[in-house]
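Just so you know, these numbers come straight off a predicted model, no measurement behind them. Order of the sequence lines fixes the chain letters, A, B, ..., with proteins taken first and strands second; residue numbering starts at 1 for each chain. Atoms considered below: every heavy atom in the structure, side chains included; atoms not considered: hydrogens, waters and symmetry mates.
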Amino acid sequence: MAVSGSSSLMWFRKGLRIHDNPALEHALKGSSFLYPVFVIDPHYMKPDPTAFSPGSNRAGVNRIRFLLESLVDLDLSLKKLGSRLIVLNGEPSQILIRCLKEWDVKKLCFEFDTDPYYQGLDVKVKEHASSIGIEVFSPVSHTLFNPADIIQKNGGKPPLSYQSFLKVAGQPAWACSPLSMTIPSLPPVGDFGSCEVSEVPNLEELGYGNVEQDDLTPFRGGESEALKRLRDSIADKKWVANFEKPKGDPSAFSKPATTVLSPYLKFGCLSSRYFYQCLQDVYKNVQKHTSPPVSLVGQLLWRDFFYTVAFGTPNFDQMKDNRICKQIPWNDDNELLVAWREARTGYPWIDAIMTQLRKWGWMHHLARHCVACFLTRGDLFVHWEKGRDVFDRLLIDSDWAINNGNWMWLSCSSFFYQYYRIYSPISFGKKYDPNGNYIRHFLPVLKDMPKEYIYEPWTAPLSVQTKAKCIIGVHYPKPVVAHDTASKGCKRKLAESYALNQKLNGKLTEEDMRNLRRKLEKDQDEE
DNA sequence: CAGGCGTTGCTGGA
DNA sequence: TCCAGCAACGCCTG
């Protein structure tokens, strides 16, 4: 039994939930006072008027709102348990170090986080806490496996293919063990001393009062919403059992073809372990079900795969000095990047997806593939890091490990190398949505374009454009590149880059890259 | 060193 | 809905 009057601090970052929260469960044990804390870091939350979209320097307003909603929900749940969420403002390590002292904290609990930002922050806080005799408890509970365990099991390096990951990982023993969905009650919050605390702010209070409602995502944050969404998703047992990721329809938007649980997993509003157990429950009660990699459990394992590779790969978020990343002389064409980012490529399928990203902060996995391929190896040959930055800002489910992993995947920089398989910005969407309803919804300027032309409106006769009240080059842009020639050029560039990577065993100097770039440009001019 | 395989390509034909 | 043909990658296994 702990000393009477001892205080614990539960530091929420991700893991914004009550259910299956090992750090919270440990924090309340034997504590007379519990301080549940979230720190608002101005660096992450302060409005940045110079950014290309409403939001802070790091995050678009949709993700900030999603986070605030998640905090409000967490606060409500804590209040029902006799506690509350304490919101602090400032640089997290400084603030926390001060609170630990001011509140005479004996035990500090927070979920272990593999992202570089938290790795750096947590070392500082941990070292300080330990040095003054505070117990620190920082469990792995964001993923099904502990990435460090898998890397160790694999001989010190992360497995680099999904199949080898599955083999090394084996059964997720921890993820199968019992978990608690509720907490009976929480110790009271103690005195705040001289620390300035506040309630969860709203968007206006943070300085985002002028954002148009029309541009806000339909997805609401929070644990309650996550559990509701989960229940709705698994209610249809047949759908869960037959789920095959590649068969989903990327153009479905009023009823998306996936669970849309990714933003809740990202913030930890939903425990991946609880999700996993719910899926296993469904599988037990059906005759047959799909399997990884395409099944829903397979999707959770993808998440763990990318977390593991990201944790074990230095400079995972860049091409340079990243040992798993092919060295490719991508261009640095800002005009092409901006056309892509601002949904002005002239390819309606691509521009509709980029508009959905901007407005909703979410789009179907295959839609992400299409625009990522188009920006990098498919058409524009722009650096994957540039596209990664745009996704990182605008997606409500943006996740450091998964986002970087997928951009390397789609750009054929790592994991996937069949660069001649290119998504067509015209025919891929047409397969699912021949009438172009998705385009009509997100690009209303094209809503009256006949279906014969909606995927390639520049081919419509002028009379048709006039009748549709959409003149190409006036109301909607002409294509920034011709897909046929652009994709052929990209394939050739990839082939040359791969050949040099192989020849030099992946170790290209800056001079090698300059020479290769010059050679590729020369080849292009000679065409 | 060869052969099989890899979450989800495209086109055209049956 | 499924298939072959297209041109053809790196990684893993034996």
Q.
Would you say Ser427(A) places a side-chain N or O within less than 4.0 Å of OP1 or OP2 belonging to dT11(B)?
A. yes

What nucleic acid atoms does Tyr162(A) come within less than 4.0 Å of, heavy atoms only: base, sugar-phosphate, or nothing? sugar-phosphate

* To do: Compare side-chain N and O positions of Lys167(A) against OP1 and OP2 of dT13(C) and report whether any pair is under 4.0 Å apart.
  => yes

request  = Answer with base, sugar-phosphate or nothing: what part of the nucleic acid does Tyr420(A) contact at a heavy-atom distance below 4.0 Å?
outcome  = base

Can you tell me how far P in dA7(C) sits from the matching atom in dC5(B), rounded to whole Å?
-> 22 Å

- Message: Using a heavy-atom cut-off of 4.0 Å across all strands, would you classify Lys431(A) as base, sugar-phosphate, or nothing?
- Response: sugar-phosphate

Between Thr114(A) and Pro147(A), the two heavy atoms sitting closest are CG2-CG, 4.1 Å

Task: Side chain Asn403(A), main chain Arg388(A), donor-acceptor under 3.5 Å - done: yes

OP1 or OP2 of dT7(B) under 4.0 Å from side-chain N/O of Gln163(A) | yes

With heavy atoms under 4.0 Å as the rule, sort Gln502(A) into base, sugar-phosphate or nothing.
sugar-phosphate

Considering only heavy side-chain atoms of Trp302(A), the closest of dG9(B), dT8(B), dT7(B) is dT7(B)

Judged by nearest nucleotide, the residue sitting upstream toward the 5' end of DNA chain C, Lys326(A) or Lys247(A), is Lys247(A)

Task: Donor-acceptor pair between Thr290(A) and Glu244(A) side chains, under 3.5 angstrom - done: no

